[in-house]
**Student:** 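Supplied in structure tokens, the structure appears directly below.
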Amino acid sequence: MKDSNILDSLNPDQKRAVTHVKGPLLVFAGAGSGKTRVIIHRAAYLIHKGVKPYEILCLTFTNKAATEMKQRLQAMAGIRSANVWAGTFHAFGAWFLRREASRIGYPGSFIIYDETDQRSLIRRCIKDLNLNKNRIKDSIIAWLINTKKDTLSNKIPEHLEIDPMPIINMYEKRKMAYSAFDFGDLLYRPCQILSNHQEVRDKYKSMFRYILVDEYQDTNMAQYKMLMSIIGREKNICVVGDDDQSIYGWRGADVGNILRFKDDFPEAEVVTLEQNYRSTLDILNAASNLISNNRTRAPKRLWSNNKGEEEDLIVNEFADDEDEAGFVAYTIGKLISQDVSPSNIGVFYRINALSRVIEEDLVGEDIPYVVYGGMRFYERREIKDILAYLRLIANPMDEEALTRVINTPPRGIGNKSLDKLHAIAQDKGLSTIEIMNKAIEDNIIKGSAAKGIKSFLTILDTLRSYAPVVDIGDLISRLVDITGLQDMVASEIDGFDRITSIKELIASARGETDLVSYLEQKALISNIDIPKNADAVSLMTLHMSKGLEFDYVFILGLEEGLLPHVRSFDSGEAIEEERRLLYVGITRAKRKAFLSWARIRGLYGREMFQSPSGFIREIEGF
DNA sequence: CCGAAAAAGATTTTT
DNA sequence: TCTTTTTCGG
């Protein structure tokens with residue numbers, strides 16, 4: 001491949017970013033300015049210039065972005081690109097820990113706890129510490145634990161009724177005994193290891209000589225530190241981002257990271273991409289008007305050559321949410337009748353709860369649609385049950401998984417017996433599974449409970465013997481059969497749907513053989529892949545829309561309390577983030593954007609009287 | 001111990 | 001409104 005193949009289609013600024021090989025590089029890439037192209041082309045260019053693919057590390061924020069990056073790089077640079085390390089920060093953290101976790105007393109075969117697992121473990125700690133009646137919320141503890149890890153700080157809010165530290169300590173101790181990491185650990189623990197071990201730092205510094213980071217504006221403190229400790233002496237670090245699209249502050253993301261890049265690396269080359277190739281001028285101006293109301297941002301103004309039709313951005317007011325939904329469905333129907341493909345239409349909202357009304361009307365109009373997010377596949381009960389069994393096969397120490405399935409389906413083991421077992425295990429310092437047989441021999445557990453436990457152990461043994469010899473799809477289908485999960489689920493009211501999702505899971509696990517890496521994949525990728533060639537209208541939250549584009553975009557619920565959301569009212573910073581969220585939404589639109597608000601909205605079973613979002617006036621430039 | 005019924009909880013966003 | 005947890009009678 002020649003230089004020209006890689007550089008031909010780029011504008012001068014993009015070219016500058018792609019060809020800057022040595023030393024730190026900061027790319028401010030406005031919405032629709034070809035950011036992803038720059039990253040892909042840059043990686044391809046590096047390989048072309050003789051950089052070894054395995055020396056390149058590409059970090060992104062979402063799985064979606066990571067997958068896209070790998071695919072497009074493969075298309076451009078061919079098979080060699082397979083050796084580029086590309087993935088999310090969390091996936092990188094997990095990969096790192098598989099190799100280095102022994103340094104903090106963890107086995108490399110650890111499992112990953114998702115939010116639900118984390119919550120129920122916290123709840124159990126609260127219970128075991130007899131802090132139940134204090135009505136301390138697990139959500140607050142979870143928030144504390146996660147924030148501590150995301151921001152690498154030890155600050156604890158003072159206005160708490162009780163000291164959260166005993167709970168947190170017990171949580172961490174047990175999590176370690178179970179060989180589990182939570183999401184926060186995947187970023188925090190690598191930081192810890194890297195900062196304590198010079199030789200580990202050196203190892204990864206020489207391993208990855210070229211680092212590319214996408215969505216740098218969304219990095220939190222832990223991600224930042226992790227990054228800084230693996231940047232080699234050559235400082236070939238390239239970060240790409242847009243401070244106007246930082247929308248993860250609530251999760252510890254710090255826009256300051258991108259704004260301070262110049263301080264971290266004074267010698268850095270800075271490229272600003274301001275030409276927008278996506279939207280029409282009207283849409284772009286509306287978005288620019290809006291975002292110019294933010295105080296903390298690097299000054300810039302996007303421009304576009306796309307003239308468009310006369311009215312490309314429309315704000316509508318409706319009497320209630322049903323009218324709004326009716327309009328959206330009607331308009332989409334009209335567009336489709338004009339030969340617009342449904343896949344070129346996106347409907348966005350601030351909170352998932354808004355999708356329902358729209359869905360009803362879309363069904364009524366016979367319009368195909370896909371809802372992204374919402375109830376996540378791997379959080380469905382039947383799927384979590386199956387995964388818990390798999391986790392137990394891979395790692396008998398996983399008490400959380402054990403608690404979940406020991407009596408699912410019911411086999412006569414109630415809370416009493418379970419508490420007894422837990423107590424013995426705690427006492428002996430062993431895992432519950434290890435002491436089960438002995439508890440029965442010693443007659444501590446009797447009757448139906450003992451019988452249930454015996455059959456449970458037999459089931460596990462049987463499954464464990466299958467695990468090395470069949471693929472995971474096969475393993476799961478035997479699992480649902482032997483455990484009785486399948487029969488249990490089938491007899492439920494919504495059994496058919498649940499059986500369908502079990503079948504989906506089995507199908508998607510065909511050909512997989514490595515249980516540990518399979519489970520990691522499931523923990524880190526929360527949504528099952530929806531075929532993207534599906535010709536359907538896309539419904540999603542504004543957060544999910546980042547990185548996508550549609551010819552026609554509908555944004556619902558521009559109301560005070562919804563967008564901006566109530567929870568942002570007490571801080572100016574948070575309001576700015578809401579503004580960026582709407583900015584992201586508007587800039588997804590290529591040809592037309594329909595924004596709307598309703599005077600009455602049914603929300604959580606209540607009728608709310610709404611007033612228009614202040615953002616509407618800002619868009620219109622008053 | 002089980003399952004139904006009632007009560008409570010949570011409704012922002014994601015890895 | 002919808003889901004999860006707790007309570008209570010069998």
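Note on naming: letters A, B, ... go to the chains in the order of the sequence lines (proteins, then strands), and numbering restarts at 1 for each one.
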**Student:** Tell me, which of residues 212-222 of chain A have any heavy atom that sits under 4.0 Å from an atom in DNA chain B?
**Tutor:**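 Within residues 212-222 of chain A, no residue comes under 4.0 Å of DNA chain B.
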**Student:** OP1 or OP2 of C:dT5 sitting under 4.0 Å from any side-chain N/O of A:R123?
**Tutor:**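 It does, given that an N or O in the side chain of A:R123 lies less than 4.0 Å from OP1 or OP2 of C:dT5.
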**Student:** Once you round it to whole Å, what is the distance between P of B:dT15 and CH2 of A:W143?
**Tutor:**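 Rounded to whole Å, this separation is 20 Å.
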**Student:** Check salt bridge (charged side-chain N to carboxylate O under 4.0 Å, His left out) between A:R588 and all other residues, then give those that pass, not counting sequence neighbours.
**Tutor:**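 None.
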**Student:** With a 4.0 Å cut-off on heavy atoms, is A:F89 in touch with a base, just the backbone sugar-phosphate, or nothing at all?
**Tutor:**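 No contact at all - A:F89 keeps every heavy atom at 4.0 Å or more from the nucleic acid.
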**Student:** Sequence neighbours left out, what passes side chain to side chain donor-acceptor pair (under 3.5 Å) with A:Y518? Give chain and number order.
**Tutor:**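 Scan of A:Y518 (side chain to side chain donor-acceptor pair (under 3.5 Å), adjacent residues dropped) gives none.
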**Student:** Strictly by salt bridge (charged side-chain N to carboxylate O under 4.0 Å, His left out), give each pair with a member in residues 247-256 of chain A just once, sequence neighbours left out.
**Tutor:**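 Applying salt bridge (charged side-chain N to carboxylate O under 4.0 Å, His left out) to every pair that reaches into residues 247-256 of chain A, excluding sequence neighbours, yields A:D254-A:R260.
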**Student:** Out of C:dT5, C:dC2, B:dT14, which nucleotide sits closest to the side chain of A:Y248?
**Tutor:**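 Ranking C:dT5, C:dC2, B:dT14 by closest atom to the A:Y248 side chain puts B:dT14 first.
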**Student:** Of all the nucleotides listed (C:dC2, C:dT5, B:dT14), which has the minimum atom distance to the side chain of A:R356?
**Tutor:**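 Output: C:dC2.
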**Student:** State which residues pass side chain to side chain donor-acceptor pair (under 3.5 Å) with A:E578; sequence neighbours excluded, sorted by chain then number.
**Tutor:**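 For A:E578, the residues satisfying side chain to side chain donor-acceptor pair (under 3.5 Å) (neighbours in sequence not counted) are A:R350.
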**Student:** Charged N to carboxylate O under 4.0 angstrom, A:K149 versus A:D185?
**Tutor:**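 Salt bridge present between A:K149 and A:D185.
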**Student:** Just how far, in rounded Å, is P of B:dT14 from CG of A:N63?
**Tutor:**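 In whole Å, B:dT14 P lies 12 Å from A:N63 CG.
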**Student:** With sequence neighbours left out, write down each residue that passes salt bridge (charged side-chain N to carboxylate O under 4.0 Å, His left out) with A:E400, or none if nothing qualifies.
**Tutor:**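 Salt bridge (charged side-chain N to carboxylate O under 4.0 Å, His left out) list for A:E400, sorted by chain: A:R124.
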**Student:** Would you kindly give the CD-to-P distance between A:E577 and B:dT13, to the nearest whole Å?
**Tutor:**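 To the nearest whole Å, that distance equals 14 Å.
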**Student:** A:R251 has a side chain; which of B:dT13, B:dT15, C:dT5 sits nearest to it?
**Tutor:**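 Between B:dT13, B:dT15, C:dT5, the one nearest the side chain of A:R251 would be B:dT15.
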**Student:** What's the NZ-C1' distance between A:K546 and B:dT15, to the nearest Å?
**Tutor:**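 Interatomic distance, NZ of A:K546 to C1' of B:dT15: 13 Å.
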**Student:** How would you list, by chain and number, every residue that makes a side chain to side chain donor-acceptor pair (under 3.5 Å) with A:Y369, sequence neighbours excluded?
**Tutor:**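 Once residues adjacent in sequence are excluded, the partners of A:Y369 under the side chain to side chain donor-acceptor pair (under 3.5 Å) criterion are A:E359.
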**Student:** Distances under 3.5 Å between protein N/O atoms and the N/O atoms of nucleotides 1-4 of chain B, please, pair by pair.
**Tutor:**
| unit_1 | atom_1 | unit_2 | atom_2 | d |
| --- | --- | --- | --- | --- |
| B:dC1 | OP1 | A:G414 | N | 3.1 |
| B:dC1 | OP1 | A:S417 | OG | 2.6 |
| B:dC2 | OP1 | A:G412 | N | 2.7 |
| B:dC2 | OP2 | A:N407 | ND2 | 3.1 |

**Student:** Could you tell me the separation between the OH atom of A:Y349 and the P atom of B:dT13, rounded to a whole number of Å?
**Tutor:**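 From A:Y349 OH to B:dT13 P: 10 Å.
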**Student:** Between atom CD1 in A:I111 and atom C1' in B:dT15, what is the gap in whole Å?
**Tutor:**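 For the pair A:I111 CD1 and B:dT15 C1', the rounded distance is 17 Å.
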**Student:** Please check the phosphate of B:dT11 (OP1 and OP2 only) for any side-chain N or O of A:N352 closer than 4.0 Å.
**Tutor:**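 No, no such contact exists.
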**Student:** Return the set of residues passing salt bridge (charged side-chain N to carboxylate O under 4.0 Å, His left out) with A:D244 (not counting sequence neighbours), or none when no residue passes.
**Tutor:**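 Residues passing salt bridge (charged side-chain N to carboxylate O under 4.0 Å, His left out) with A:D244: A:R297, A:K300.
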**Student:** Give DNA chain B the dot-bracket treatment, 5' to 3': Watson-Crick (N1-N3 with N6-O4 or O6-N4) or G-U (N1-O2, O6-N3) under 3.5 Å, [ ] crossing, | other strand.
**Tutor:** ||||||||||.....
**Student:** Evaluate whether the aromatic ring of A:W250 and the six-membered ring of the B:dT13 base sit under 5.5 Å apart, centre to centre, with an inclination under 30°.
**Tutor:**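 Yes, the aromatic ring of A:W250 stacks with the base.
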**Student:** Working to the nearest 0.5 angstrom, can you tell me the gap between A:L581 CG and A:E576 CD?
**Tutor:**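 Taking CG in A:L581 and CD in A:E576, the distance rounds to 13.5 Å.
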**Student:** Check side chain to side chain donor-acceptor pair (under 3.5 Å) between A:Y113 and all other residues, then give those that pass, not counting sequence neighbours.
**Tutor:**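 Counting only residues at least two positions away or on another chain, A:Y113 forms a side chain to side chain donor-acceptor pair (under 3.5 Å) with A:D398.
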**Student:** When you measure from the side-chain N and O atoms of A:S545 to the phosphate of B:dT13, is any distance below 4.0 Å, counting only OP1 and OP2?
**Tutor:**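 No, outside the criterion.
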**Student:** Nearest to the side chain of A:S139, heavy atoms from C-beta on, is which of B:dT15, B:dT14, B:dA10?
**Tutor:**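 Looking only at heavy atoms from C-beta outward on A:S139, the closest nucleotide is B:dA10.
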**Student:** Of all residues at least two apart in sequence or in a different chain, which pass the salt bridge (charged side-chain N to carboxylate O under 4.0 Å, His left out) check with A:R411?
**Tutor:**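 Testing A:R411 for salt bridge (charged side-chain N to carboxylate O under 4.0 Å, His left out), a comparison that skips the adjacent residues, returns none.
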**Student:** Could you give the NE2-to-P distance, from A:H543 to B:dT15, as a whole number of Å?
**Tutor:**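 Atom-to-atom, A:H543 to B:dT15, this comes out as 11 Å.
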**Student:** Taking CD1 from A:I247 and P from B:dT14, how many angstroms apart are they, rounded to a whole number?
**Tutor:**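 It works out to 9 Å between those atoms.
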**Student:** Can you check ring pair (Phe, Tyr, Trp, His ring centres under 6.0 Å) on A:Y204 and A:F96, steps first, answer last?
**Tutor:** CA-CA 9 Å; A:Y204 290 88; A:F96 177 93; 4.8 Å; yes
